[in-house]
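Letters A, B, ... mirror the listed sequences (proteins, then strands); counts begin at 1. FYI, side chains are in, hydrogens and waters are out, and symmetry mates aren't considered; it's all heavy atoms of this structure.
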Amino acid sequence: MTKAVRVRFAPSPTGYLHVGGARTALFNYLFARRHGGVFVLRIEDTDRERSTKEAVDAIFEGMRWLGLRWDEGPDVGGAHGPYFQSERLPRYAEAAERLLAEGNAYRCFCDPEDLKARREAALAKGEPPKYDRKCLAIPAAQAAARGATEPHAIRFQIPDGETSWDDAVRGVVTFQNATLDDLVILRTDRHPTYNFAAVVDDSAMEISHVLRGDDHISNTPRQIQVYRALGLETPIFGHVPMILGPDGTRLSKRHGATSVTEYRDAGFLPAAMVNFLALLGWAFDGEREIFTLEELTQVFSLDRISKNPAIFNHEKLEWMNGEYFRALPLSTRVDLVVEHVRKIGALPDSALADRSMLERAVTAVGDRMKRPEHFLDYAAWLFVDRVEPEAAPWAEILAKPLAPARLRKLADAIAKVEPFEHDAIEQAARGLATGEGVKAGEVIMPARIALTGKKVSPGIFDVILLLGREKTVKRLRDAADRLEAAASAATT
RNA sequence: GUCCCCAUCGUCUAGCCUGGCCUAGGACACCGCCCUUUCACGGCGGCAACACGGGUUCGAAUCCCGUUGGGGACACCA
């Protein structure tokens with residue numbers, strides 16, 4: 001590779017940053033970093049109706065969150081700007097004029113509505129919906145004259161022959177030009193279409209490698225023809241496979257969350273997201289799977305990109321997030337938990353005031369948490385005055401006639417255990433079980449349910465410690481009372 | 001319908017280019033055992049794939065052809 005590596009991510013600001021787009025951006029970023037190249041961000045906002053400022057911001061936000069810094073682009077500038085296509089309109093018009101003058105393009109006066117009808121009719125008849133070149137038949141002089149007053153689009157004339165290129169991920173791909181139709185390059189409103197603007201800009205921005213989604217593969221032969229007609233050098237193209245939903249179709253909203261900000265808001269870590277996305281359609285050696293962004297920039301290569309589409313495996317993302325979450329320092333985990341709980345308003349601010357208590361709680365919950373929102377699944381009991389046990393575990397202890405008595409004995413033991421520390425509490429509880437002649441679980445499980453309302457919780461001695469002597473004793477005795485009341489109600 | 005692409009466990013994939021080292025490796029999920037007060041973590045083990053049919057070859061997951069299946073694209077959207 002003699003040419004300087006310059007790649008770009010060129011989203012159109014019509015929505016949020018989709019995970020598929022994020023992965024395309026990631027691959028471009030990694031490729032640039034790996035080869036000491038430049039990563040350009042270009043906003044393709046030539047569709048004035050659908051492009052919004054909010055979407056531009058959402059794209060920035062998503063990329064920054066993932067840590068994908070661009071070297072050139074809107075807001076950071078660069079020598080090849082501007083980076084909004086809406087600010088580059090004269091360049092496209094100039095290039096279109098040239099194609100027109102050289103006979104590689106022609107004016108099209110067809111009515112868009114009419115065109116649409118013709119296309120649908122062709123499709124219905126099972127014919128390829130190609131433009132019929134009606135306006136190519138208009139003599140040049142006449143077309144130029146009409147063009148001065150009549151609204152019209154400009155079409156590129158696809159030459160005969162075939163078009164092929166050596167794709168960086170798929171190898172040689174060939175299209176017969178006869179299957180391509182004369183694409184509009186400049187719309188009636190003088191705005192360029194995607195296939196045209198991309199060519200003009202990729203060339204002007206000296207893009208060396210165009211790495212984009214597979215869905216663009218059929219645009220590539222058209223673009224190559226435009227490059228040639230304009231006398232421009234073509235970049236190397238690489239088409240990365242799509243990301244599919246669980247049902248094997250293109251990932252979309254109906255499959256659930258598709259924007260990276262949704263994942264951020266759900267408490268996923270950017271490092272986990274990056275790692276997961278990198279492994280969707282790319283593998284290092286099939287063995288190693290955990291990579292930081294920095295590590296990826298050292299090992300990424302195009303020839304290890306898969307050719308087949310990948311189904312977005314949500315469970316694996318969740319697992320991976322757990323790997324990263326666990327590795328975080330305690331204070332960071334607490335921060336994330338607090339932030340999340342605040343955001344969803346699950347607890348009053350006062351509940352979050354005691355930092356050291358939260359640290360102990362997060363420690364107790366430990367690696368049961370894969371994301372911040374899991375904290376309350378395991379520690380909600382800590383923040384309520386009275387637990388309402390879940391039905392199934394409650395029925396379980398209700399079935400044990402001796403449970404209330406044991407809960408009372410445990411309450412008595414906790415009431416006077418000294419010091420009120422993990423080991424002493426453990427000794428007291430185990431001693432009680434031994435005295436009763438039962439396994440420790442016979443004492444511990446009912447206590448867990450009485451104290452947390454659930455069958456699953458952090459270690460029971462941590463629970464007792466966190467709750468404090470007073471609350472523990474009260475909950476134990478309350479539960480005993482209720483169990484007895486329920487038992488006598490059942491017999492009468 | 002037409003065109004393009006793809007095809008290894010349920011899923012992500014390694015192996016394919018440079019056939020033999022593949023009784024096909026790893027990971028997620030699932031199951032079992034161990035650890036253990038529960039769950040999680042961890043450890044050990046298990047289930048589970050070369051789509052099919054023809055070639056080529058001493059030998060094919062690997063090369064060729066076909067079939068089938070899947071995906072994508074067919075706009076004055078990108």
Complementary nucleotide of [N], counting Watson-Crick and G-U pairs under 3.5 Å:
N: B:C22; answer: none
N: B:C41; answer: none
N: B:A27; answer: B:U11
N: B:U67; answer: B:A51

Between B:U23 and B:U67 - P atom distance, rounded Å: 32 Å
Gap in Å between the two P atoms, one belonging to B:A29 and one to B:U68, rounded: 38 Å
Shortest non-hydrogen contact between A:Trp282 and A:Phe27, atoms and distance: CB-CZ, 3.8 Å
Closest contact, heavy atoms only, A:Val56 versus A:Ile43: CG2-CG2, 4.2 Å
Partner of A:Asp182 under side chain to side chain donor-acceptor pair (under 3.5 Å), chosen from A:Arg133, A:Gln157, A:Arg155: A:Arg133
Partner of A:Arg212 by side chain to side chain contact (heavy atoms under 4.5 Å, CB included), out of A:Ile217, A:Thr220, A:Asn28: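 So, applying the side chain to side chain contact (heavy atoms under 4.5 Å, CB included) to A:Arg212 and each of A:Ile217, A:Thr220, A:Asn28, only A:Thr220 qualifies.
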Under 3.5 Å donor-acceptor pair, A:Lys316 side-chain atoms to B:A27 base atoms: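 It does, because a donor-acceptor pair links the side chain of A:Lys316 to the base of B:A27 below 3.5 Å.
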Distance test, side-chain N/O of A:Arg170 to OP1/OP2 of B:C17, below 4.0 Å: no
For [X], which contact category applies under a 4.0 Å heavy-atom criterion: base, sugar-phosphate, or nothing?
X: A:His216; result: base
X: A:Gly213; result: nothing
X: A:Asp367; result: base
X: A:Ile460; result: base
X: A:Thr188; result: base

Closest-nucleotide 5' rank along RNA chain B - winner of A:Gly441 and A:Phe312: A:Phe312
First encountered from the 5' end of RNA chain B, between A:Thr174 and A:Ile305: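 Per heavy-atom nearest nucleotide, the more 5' residue is A:Thr174.
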A:Glu113 atom CD, over 12 foreign heavy atoms within 6.0 Å: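 No, not enclosed.
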Interatomic distance where CZ belongs to A:Arg250 and P belongs to B:G72 [whole Å]: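 Nearest whole value for this atom pair: 7 Å.
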